[in-house]
Amino acid sequence: MASKHNVGVSRRGFLTGVLTFGMGAAALGLTGCGSPRSFEAEAAENIIDGGEYDIIVVGAGGAGMAATVGAVDQGAKVLLLEKMPVAGGNTCFAEGGINACCTKFQKAAGIEDSVDFMSADTYAGGHEKGNMELIRHMCAGSSDAIDWLDSMGITLSKLGTSGGASVKRIHRPESGEAVGKYIVKGMTEQCRQRGVAAVCNTKVEEILIQDGKVAGVRATNPNGLPVKYACRALIVATGGFGANSEMLAQYRPELRDAVTTNQPGTQGDGIKFAQEVGADIVDIDQIQVHPTVEQTTATLLSENIRGDGAILVNTDGVRFTNELLTRDRVSEAEWAQPGRGAFAVFDQSVHDNNLSVEEKFVSRGLIHVADTFEELAQKMGVPTDTFVNTVTSYNDNIANGVEDPLGRTKSLNPLVKSPFYALPVAPGVHHCMGGLRVNVKAEVLDASGNPIPGLFAAGEVTGGIHGGNRLGGNAVCDINVNGRQAQETACAYVFA
């Protein structure tokens, strides 16, 4: 599909809206005085030349920064474009950790894992709808991703459990902080050290095609003026559409009014502008809800909380599900409860193991805290005797080796260290499993299954890996494995 824009237009006017991680900066051009013209007329007739690059990466989240750092290290001239004021995207909101198998940290802990185990868990967790070739590629690259991050001081050595995983393979920061902010902070520093120019507040509107190949992008700068950036390869890492109510309504009408954990920029831009040049999509109606979202603020309670020992009780003060089932099954169980929600209940040990609890919930007055179960029940507004019996029975079963009546077999940690915590939660829109169709090389495919020359993608903007449900920890694995894969393929394409 040929673009209506000439990719050879000359530089004109100011290049604005540029923020940098380091040395990269924009040139400033002045054209002299002329007749006063309206903004609309100027924008309609002129397009700013933003320069030429080997590779342009669109989206400065985890996948985009992984691709950028890798490509720069291979000697490519890279430009990172971000429509929001700051880097990070949805990665900033990732709480749990990164799933990875056969890692040095698992081996040190005596945990036996394999690509086969992780692939099987991922495929089963996705209701056997995922593309096994893509799944195995992600799982096989997961240990290398852990080592690559560790080599840059982004160390994820603390192991945990997530729903749907057969063994401990969630890797987290030792500090207990949220994995997303930790990775974004580390990757932003890596970009800064490499002098990567990150052009923020700039939204890509269109992919430019010349002679059947990607030739650049047309974007809009903070002043609403069009900017053309030329490149030989384009990596799309713009995330999903979990904050776009119209797209949610189009593919899953029942989720249109649900709260979302997604950052506001998650609007499906990359899916839409890639489709305009012939990209195919897959699993687009597969949208995940997360079971533990505080509804008044749409703040996510990490899956680590349940993985470390939290239980879920309903408004009658009763447990109703195995808390470590996959996210979709726990969400369905919550929707079946009175009020279509639950309380996540845990003790001080779980709190101390997850720093985000204090920052996101306690400091904001969103969570109930009490020294006794009786006092906690009163604050929750649930029947005191029933709730106390629920928790003490749970603790007694663990102490006496009695099988959990709801089938929970992992992280059976008694709630014994006060104070105790209870957060009201319910499901919220969390992740889009579907998106652009790609192969294991991160090449974007058309409807015939052929790669679109020069177009690559990674992260939540793509589909095929997670099938009908994503396991906690697999998104952070995906962005690191396939963000790096995208730049490997793009560099091979550019330097061929």
Considering all heavy atoms, the nearest [X]-[Y] contact:
X    : Y    : value
L208 : R218 : CG-N, 3.9 Å
P405 : N397 : CD-ND2, 3.9 Å
S119 : R136 : OG-CG, 3.5 Å
F361 : L423 : CE2-CD2, 3.6 Å
V444 : A279 : CG1-CB, 3.6 Å
N99  : S142 : O-CB, 4.0 Å

Has [X] got a side-chain atom pairing as donor or acceptor with [Y]'s backbone, closer than 3.5 angstrom?
X    : Y    : result
R408 : S411 : yes
T489 : Q485 : yes
E82  : L80  : no
D404 : G407 : yes
H127 : K129 : no
D316 : V318 : no
T462 : G459 : yes
N90  : Q263 : yes
R364 : K360 : yes
T266 : G242 : no

Within the supplied structure, the quantity of interest is the number of heavy atoms (other residues, nucleotides, ligands) at a distance under 6.0 Å from [X] [atom1]; does it exceed 12?
X    : atom1 : answer
Q250 : CD    : yes
F320 : CZ    : yes
E254 : CD    : yes
R252 : CZ    : yes

Euclidean distance, [Y] [atom2] relative to [X] [atom1], rounded to 0.5 Å:
X    : Y    : atom1 : atom2 : value
I287 : M247 : CD1   : CE    : 8.5 Å
Q288 : D328 : CD    : CG    : 7.0 Å
L325 : E332 : CG    : CD    : 10.0 Å
D347 : N413 : CG    : CG    : 8.5 Å

Do NZ/NE/NH1/NH2 and the carboxylate oxygens of [X] and [Y] come within less than 4.0 Å?
X    : Y    : result
E303 : R327 : yes
K181 : E359 : yes
E375 : K379 : yes
D478 : R470 : no

Given ring-ring contact (aromatic ring centres under 6.0 Å, His included), test F373 with F420 step by step and report yes or no.
CA-CA 7 Å; F373 293 130; F420 305 103; 4.1 Å; yes

Side chains of [X] and [Y]: closer than 4.5 Å at any heavy-atom pair?
X    : Y    : answer
I305 : V357 : yes
V184 : M65  : yes
I48  : K228 : no
V429 : T261 : no
F346 : I311 : no
L406 : T321 : no
V289 : L255 : yes
V236 : L455 : yes

Go through the side-chain N and O atoms of [X] and [Y] and say whether any donor and acceptor fall under 3.5 Å apart.
X    : Y    : value
D121 : S166 : yes
N474 : T122 : yes
N353 : K158 : yes
Q190 : T188 : no
N354 : D308 : yes
E334 : S331 : no
E95  : N304 : no
T220 : E205 : yes

Pairs touching residues 441-450 that satisfy side-chain hydrogen bond (donor to acceptor under 3.5 Å, both in side chains), sequence neighbours left out:
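Residue pairs passing side-chain hydrogen bond (donor to acceptor under 3.5 Å, both in side chains), neighbours aside: N439-E443.
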
Quick one, T260 with N262, criterion side-chain hydrogen bond (donor to acceptor under 3.5 Å, both in side chains). Give me CA distance, side-chain angles, the key distance, then yes/no.
CA-CA 5 Å; T260 180; N262 288 250; 2.9 Å; yes

Taking side-chain contact (heavy atoms from CB on, under 4.5 Å) as the criterion, tell me which of N395, I398, T392 meets it with L415.
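Testing L415 for a side-chain contact (heavy atoms from CB on, under 4.5 Å) against N395, I398, T392 leaves exactly one candidate, N395.
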
Please work out whether the ring planes of Y251 and F241 are parallel, tilted or perpendicular, with thresholds of 30° and 60°.
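It falls in the tilted class, 30° to 60°.
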
The test is side chain to side chain contact (heavy atoms under 4.5 Å, CB included); show your working for L79 and C231 and say whether it passes.
CA-CA 9 Å; L79 177 68; C231 65; over 6 Å; no

Could you check E294 against T296 for side-chain hydrogen bond (donor to acceptor under 3.5 Å, both in side chains), going step by step and ending with a plain yes or no?
CA-CA 6 Å; E294 199 286 319; T296 65; 2.7 Å; yes

Report the C-alpha distance between E177 and R172 in whole Å, list the side-chain angles of each, state the deciding distance to 0.1 Å, and finish with yes or no for side chain to side chain contact (heavy atoms under 4.5 Å, CB included).
CA-CA 8 Å; E177 63 186 293; R172 303 154 59 187; over 6 Å; no

Determine whether L234 and I207 satisfy the following criterion, side chain to side chain contact (heavy atoms under 4.5 Å, CB included), listing intermediate values before the conclusion.
CA-CA 9 Å; L234 179 69; I207 299 174; 3.7 Å; yes

Evaluation steps, side chain to side chain contact (heavy atoms under 4.5 Å, CB included), between H368 and Y421:
CA-CA 6 Å; H368 303 299; Y421 299 81; over 6 Å; no

Centroid-to-centroid, H466 to H431, below 6.0 Å?
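Judged by ring-centre distance (under 6.0 Å), H466 and H431 do meet the cut-off.
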
Return each pair, listed once, that meets salt bridge (charged side-chain N to carboxylate O under 4.0 Å, His left out) where at least one residue sits in residues 277-292; pairs must be two or more places apart or across chains.
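Checked against salt bridge (charged side-chain N to carboxylate O under 4.0 Å, His left out) - neighbours excluded - the pairs reaching residues 277-292 are D280-R437.
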
